[in-house]
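First the proteins, then the strands, lettered A, B, ... as listed; each starts at 1. The model shown is predicted, which means the values in this text are computed figures rather than measured ones.
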Amino acid sequence: MAMSLSASDLEIINQCLKGDMGQFEVLIERYKKLIFNTAYRMMGNKEEAEDVSQEAFIRIYNSLSKYNPEFKFATWALRITTNLCLDHLRKRKGETVPIDEQYDLGDGKLTPEEEYIRKEKQKLVQNAISKLPDKYKEFLIMFHHRNLSYQEIMDITGESLTIVKNRLYRARQMLKESLMNTERESEKYAMPGN
Amino acid sequence: MQCREIDALVMKYLDGNISEIEMELIKKHNENCASCAEEFAVLSDAIYTLEELPDIEVPEGFTARVMSSIKEQKRFALTPQIVLLWIIGLAGLAVFMINVVMFAVIPAIKSSGILIAAYNIMVYSGTIISNAIKDFFVFGSLALSKLLIFRTILLSEYLVFVVASIGVFIAANMLIVRTLKLQQKL
Ligand SMILES: [Zn+2]
């Protein structure tokens with residue numbers, strides 16, 4: 001294990017393939033934050049995010065021999081993760097699943113009022129995103145939450161640049177419309193003069 | 001400028017791929033267009049919020065849980081060798097059963113002198129079943145075709161029945177030894 005901390009992803013994968021499965025732990029440690037947080041934003045709650053991330057790592061382990069070193073390991077791992085998320089989201093059609101409250105502790109730079117407003121905003125946005133069709137949600141999260149480039153998203157999803165751009169465009173439009181509707185709804189109930 | 005064009009520029013802005021001139025165009029348009037201004041405010045605010053959503057901590061013990069699931073599945077994994085051993089074992093068992101029927105059950109019924117009709121039906125269905133099994137074996141594998149030859153010999157020589165039993169015994173033992181070795185490896 002000691003040597004592995006500085007080893008490259010590919011070196012570790014080769015070790016695993018030679019039968020040293022303990023090395024896989026290093027890969028999990030390296031990528032669990034990325035995988036778990038992506039799954040968390042896709043699924044909306046911690047429990048499902050953990051289930052999906054565990055399943056993702058097991059799948060990654062089982063298909064290590066199919067890893068193509070032309071791609072970054074993170075890209076390949078995200079591809080497996082987002083596909084699993086989409087599977088799970090498809091399966092839960094119709095069921096309502098709670099969206100977690102933010103676990104964000106804030107950094108103390110904001111006043112309590114500002115902190116409150118920020119949390120409310122996060123809730124609104126999270127809610128609007130959770131209602132987007134899965135495929136659009138995926139692109140929005142990858143680009144704007146995980147900060148992935150067009151090229152990386154193309155590698156992960158296997159879609160063309162045109163499709164990536166279009167999906168992202170549509171996703172933003174839907175997000176905007178959803179939020180503006182919510183705004184109008186709340187204005188309807190707000191007291192005049194407020 | 002048209003609202004639609006501004007919309008395209010806003011997308012460029014959100015891509016993080018906008019020039020200063022284009023940014024000026026958005027600002028100028030929005031000063032005179034309330035709906036574009038509102039849409040811009042709502043969307044850029046939402047995207048900013050999304051980008052700033054904090055990462056949360058991975059649950060305690062996550063890595064250990066994944067590793068133990070992997071070990072668990074490995075224990076029950078079907079490698080080609082294990083599948084082959086299972087086939088040999090099961091085939092041996094089938095041969096054994098056929099011989100029990102042929103040389104013990106059927107003669108017993110025959111010599112009892114009763115249930116002749118029932119015996120005929122049994123032989124008839126037994127033939128169909130054993131033919132089906134035979135077909136399966138033929139297409140099974142190299143090991144199975146060898147067993148078929150083995151079985152033909154068995155049919156003519158009652159003595160070989162004993163050898164078949166030993167074969168089953170050996171196959172079962174191989175299976176046990178193999179499984180034990182696998183467990184030690186883990
Ligand atoms: Zn306009």
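Contact of E55(A) with chain B is not made at all, since no heavy-atom distance falls under 4.5 Å. Heavy atoms closer than 4.5 Å to chain B are found in both the backbone and the side chain of Y169(A). With a 4.5 angstrom heavy-atom cutoff, D15(B) touches chain A via backbone and side-chain atoms both. For chain A, the nearby part of T49(B) is the side chain; its heavy atoms alone come within less than 4.5 Å. For I35(A), no part lies near chain B; criterion is any non-hydrogen pair under 4.5 Å.
Residues M142(A) and E152(A) fail the side-chain proximity criterion, which asks for heavy atoms closer than 4.5 Å. The shortest side-chain heavy-atom distance between D55(B) and H145(A) falls under the 4.5 Å cut-off.
Using a 30° and 60° split on the angle between ring planes, Y67(A) and W76(A) fall in the tilted class, from 30° to 60°.
Contact count versus chain A (heavy atoms, under 4.5 Å) is highest, among V66(B), D7(B), T63(B), D45(B), for T63(B). Interface check for chain B: of the options N62(A), L124(A), N147(A), the most heavy-atom pairs under 4.5 Å are formed by N62(A). Contact count against chain B (heavy-atom pairs under 4.5 Å) is highest for I58(A) among I58(A), L175(A), L168(A).
A cation-pi arrangement is present between R172(A) and F143(A), with the terminal nitrogen or guanidinium carbon under 6.0 Å from the aromatic centre and inside a 45° cone about the axis.
Checked for salt-bridge contact, E138(A) and K135(A) meet the test: a charged N lies under 4.0 Å from a carboxylate O.
The closest side-chain donor-acceptor pair between K176(A) and Q173(A) falls under 3.5 angstrom.
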